[in-house]
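FYI, side chains are in, hydrogens and waters are out, and symmetry mates aren't considered; it's all heavy atoms of this structure. Since we're looking at a predicted model, the values are computed, not measured.
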Amino acid sequence: MDEKQAANKDTLHGARIEDYVLIGDCETGALVSRAGSIDWLCLPTFSSAACFAALLGTADHGYWQIAPVGQITETRRRYVGPTMVLETTYVTPAGEVRLIDFMPQGSEHTHLIRMIEGVRGTVDLRADLALRFDYGRTVPWVTRENEELHAVAGPDMVVVRSSHAQGGSIPMSGEGLKTVSEFPVSEGEVHSFVLSYSSSLNPVPKPFDVQECLDTTKQFWTEWMERCTYQGIYAVSVKRSLMTLKAMTYQPSGGIVAAVTSSLPEEIGGVRNWDYRYCWLRDTSFTLLVLMQAGYREEAIAWRRWLLRAIAGDPAQIQTIYGICGERQMLEWNAEWLPGYENSKPVRIGNAAVDQFQLDVFGEVSAALARTPQAEDDIRVSATALQAALINHLCDVWQEPDEGIWEVRGPRRHFTHSKVMAWVAVDRAIQHYEQYDGDGDIERWKQAREEIRTQVLEQGFDKELNSFVQSYGSKELDASCLRIVLVGFLPADDPRIRGTVEAIERELVHEGFVARYKTESATDGLPGSEGAFLACSFWMVTNLWLIGRKDDATAMYERLLGYLNDVGLISEEYDVKAQRMVGNFPQALTHIALVHAAFALSGQWTPQIARGVKT
């Protein structure tokens, strides 16, 4: 590696997680750094192999940067209105340019478009493109055909086209296993690059009008956001979170990924690095309930169809995680050639939690099925019959220990939250019994509901601590118990709810952030520690509001909003000591909890609504 490449490696990919911005087409997503570098992109879907993997390695593992040459005196960026179109403005001593990045929806092929607009003066720019398929491992064979670049490796093909403001294309040349371009941009000029993906077995994707594509993309997102029914003072953050959740939805199937990234560490340099580019039933159910609350019926119907395909015919075979199209297998393995984000290894692909038993999933799925609208062409078995089958199976297994909401890799336990969610599953089923096509043993369900409730209150609550605890017989606290009031298991004025909130405030809150649990207890079977889990902090906000501490809830919520990055995105966790985001990004569960808290603080949600009780 020469000196220029070494410097490039050090300066290009040292971005903090919060310095990235998501663009996407509802089939995959790319992360763009403040330096104008796309360091993560999986093609053609969220869970495909990455062709830009510098996020988890170095420049040698693939990236695409477009930025001014020389000194940059100011960098500003924003999403253009209510869209997923990113605009980054660079100010230099010679002038000002605007970089516009977006991915159009609904195309036959996946396209990533980068437009450069001259705002003032004349600025020299450089584009560096290093394609590396298979998560940075494979250098493609690159050829030039009619001013196009064709990069091929096995089944993958990427075509790169450019357009110069004066006509023709921008010159591109090879340099050190990458493609580079240097060109000036003057005021009023618009240049563009288009990266298109297709199978190498198919014809080359055809060119198209870039400006027309930009206009269509803006229209798509603007019209989608016009359907939002949220009314409150937190509209800016709520709407951006909803758009982010939409962008993380795989449009062809309706499945929603937990994040667009893999192995961003929960502790810098640690081993708690997981692949989140799949569909967790829990996260998906949370998302759909929030989208329904915000007025997005079509997404709810699409999710119901996805769920019916994924679960198939046997409730006993229900999984926690599925692929974006409902795939059941996702073998976990390590990409040994990648050093990891800031040397956080291993880099995991796939997720072994697919084989875990997580009892709480039944509650989330049952609640979501009870609330989401019935699709006109539900697949063969109606969703109501599926729900009844799930509950009948749950009555057989609810007394078993499980790995719980946090997917511990230690011994199974009787987690309090898991049992509460088993109660939720049965409770929602009973309330909607008349919709179940006559399936299910209603008397058995009522008996199970009462047995679960009695057991949780007797074994999940510690009188000495005056709090619900992580698992039966434990003295450990767990922030998942903040969900007990959110799902309507106990009313907000029950002293056990206030006791739990106050205990978690004493033991799990550090500098205003809520930890999931104390990792030093080794409950999760993993070494090291992690950041504060941001969704739990938003759950605390809603709890504070419900128990009447409204000023505390508002203050905490508004402080948490201050940790969103400059375009309104947030990750899974926050490292309080280092004061930076950690974990996969952007994180669906965090954005869901943010939106949910906003509905509560705005008076548009109560636990009675969660139970389907009209008020």
Side-chain angles (χ1 to χ4, degrees), residues 17 20-32 38-56 62 84 101-107 109-112 133-136 155-156 158 195-199 243-264 273-284 286-288 291 299 302-303 306-307 309-310 319-333 335 341 347-351 353-354 569 571-572 583-592:
I17 291 170
Y20 285 98
V21 176
L22 171 68
I23 59 173
D25 62 356
C26 299
E27 294 188 24
T28 189
L31 292 187
V32 189
I38 298 176
D39 292 344
W40 182 255
L41 173 64
C42 300
L43 291 175
T45 73
F46 295 110
S47 54
S48 300
C51 67
F52 298 139
L55 178 70
L56 300 179
M84 294 298 293
D101 292 316
F102 68 100
M103 300 179 71
Q105 296 74 31
S107 300
H109 302 284
T110 304
H111 304 290
L112 194 162
F133 294 109
D134 300 323
Y135 300 103
D156 299 305
V158 161
L195 182 153
S196 302
Y197 175 87
S198 179
S199 166
M243 272 187 283
T244 303
L245 294 171
K246 174 64 174 176
M248 293 165 64
T249 303
Y250 185 62
Q251 189 74 28
S253 71
I256 303 170
V257 296
V260 301
T261 55
S262 174
S263 295
L264 287 180
N273 318 318
W274 316 109
D275 191 347
Y276 279 7
R277 298 169 302 143
Y278 305 105
C279 302
W280 271 252
L281 292 189
R282 176 189 308 111
D283 290 8
T284 306
F286 288 168
T287 305
L288 262 296
L291 288 172
E299 284 71 18
W303 177 82
W306 176 88
L307 181 67
R309 288 192 296 268
Q319 297 182 175
T320 304
I321 314 171
Y322 295 86
I324 54 177
C325 292
E327 301 93 337
R328 303 182 70 89
Q329 297 186 31
M330 48 200 73
L331 180 68
E332 184 177 296
W333 55 279
Y341 179 85
V347 172
R348 291 185 173 92
I349 309 299
N351 200 304
V354 68
L569 303 182
S571 67
E572 178 185 18
N584 283 304
F585 173 87
Q587 178 76 1
L589 188 57
T590 309
H591 282 282
I592 294 163

Please assess Thr110 against Met103 for the test side chain to side chain contact (heavy atoms under 4.5 Å, CB included), listing each intermediate value before the final yes or no.
CA-CA 8 Å; Thr110 304; Met103 300 179 71; 3.7 Å; yes
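We find the CD1-CE distance between Ile324 and Met248 to be 12.5 Å, quoted to the nearest 0.5 Å. Interatomic distance, CD1 of Ile256 versus CH2 of Trp303, reported as 9.0 Å (0.5 Å rounding). Once rounded to the nearest 0.5 Å, the distance linking SG of Cys51 with CG of Leu43 reads 4.0 Å. To the nearest 0.5 Å, atom CG of residue Asp275 and atom CG of residue Leu264 are 10.5 Å apart. Residue Leu31 holds its CG atom at 11.5 Å from CG of Asp101, rounded to the nearest 0.5 Å. Separation of atoms OG1 (Thr320) and CG (Asp283) is listed at 11.0 Å; rounding is to 0.5 Å.
Tyr276 meets the ring pair (Phe, Tyr, Trp, His ring centres under 6.0 Å) test with Trp280; sequence neighbours excluded.
The salt bridge (charged side-chain N to carboxylate O under 4.0 Å, His left out) analysis of residues 42-52, with sequence neighbours excluded, yields no pairs. Applying the salt bridge (charged side-chain N to carboxylate O under 4.0 Å, His left out) test to pairs two or more places apart or on separate chains, those with a residue in residues 243-254 are Lys246-Glu299.
At least one side-chain heavy atom of Val260 sits under 4.5 Å from a side-chain heavy atom of Phe46. With a 4.5 Å cut-off on side-chain heavy atoms, Trp306 and Tyr250 do not count as touching. In this structure, Leu41 and Tyr197 have side chains that are not in contact, with every pair of non-hydrogen atoms separated by 4.5 Å or more. Within the 4.5 Å cutoff, no side-chain heavy atoms of Thr45 are placed close to those of Arg277. Counting heavy atoms from C-beta outward, Met84 and Leu22 have side chains that approach closer than 4.5 Å. Ser262 is listed as a side-chain neighbour of Ile349, based on a closest heavy-atom distance under 4.5 Å. Residues Tyr322 and Arg328 are in side-chain contact: their nearest non-hydrogen atoms beyond the backbone lie under 4.5 Å apart. Side-chain contact between Met330 and Ser47 is absent, with no heavy atoms from C-beta onward closer than 4.5 Å.
Between Tyr278 and Asn351, the shortest heavy-atom distance links the atoms CE1-N, 4.4 Å. Contact record, Asn584 with Trp274: ND2-O, 2.9 Å, taken as the closest heavy-atom pair. Minimum interatomic distance between Leu56 and Ser263 (heavy atoms only, all atoms of both residues): CD2-O, 4.0 Å. Minimum interatomic distance between Gly326 and Ala310 (heavy atoms only, all atoms of both residues): CA-CB, 4.0 Å. Closest of all the heavy-atom pairs between Gln105 and Gly24 is NE2-O, 3.4 Å. Counting all heavy atoms, side chain and backbone alike, Cys279 lies closest to Gly323 at SG-O, 3.9 Å.
Looking only at distances, a side-chain donor or acceptor of Thr261 sits under 3.5 Å from a matching main-chain atom of Phe585. Remark: the backbone N or O of His111 is not paired with any side-chain donor or acceptor of Asp25 at under 3.5 angstrom. Arg282 places no side-chain N or O within 3.5 Å of a backbone atom of Ile321 that could act as its donor or acceptor partner. A distance-only check finds a donor-acceptor pair linking the side chain of Thr28 to the backbone of Cys42 [under 3.5 Å].
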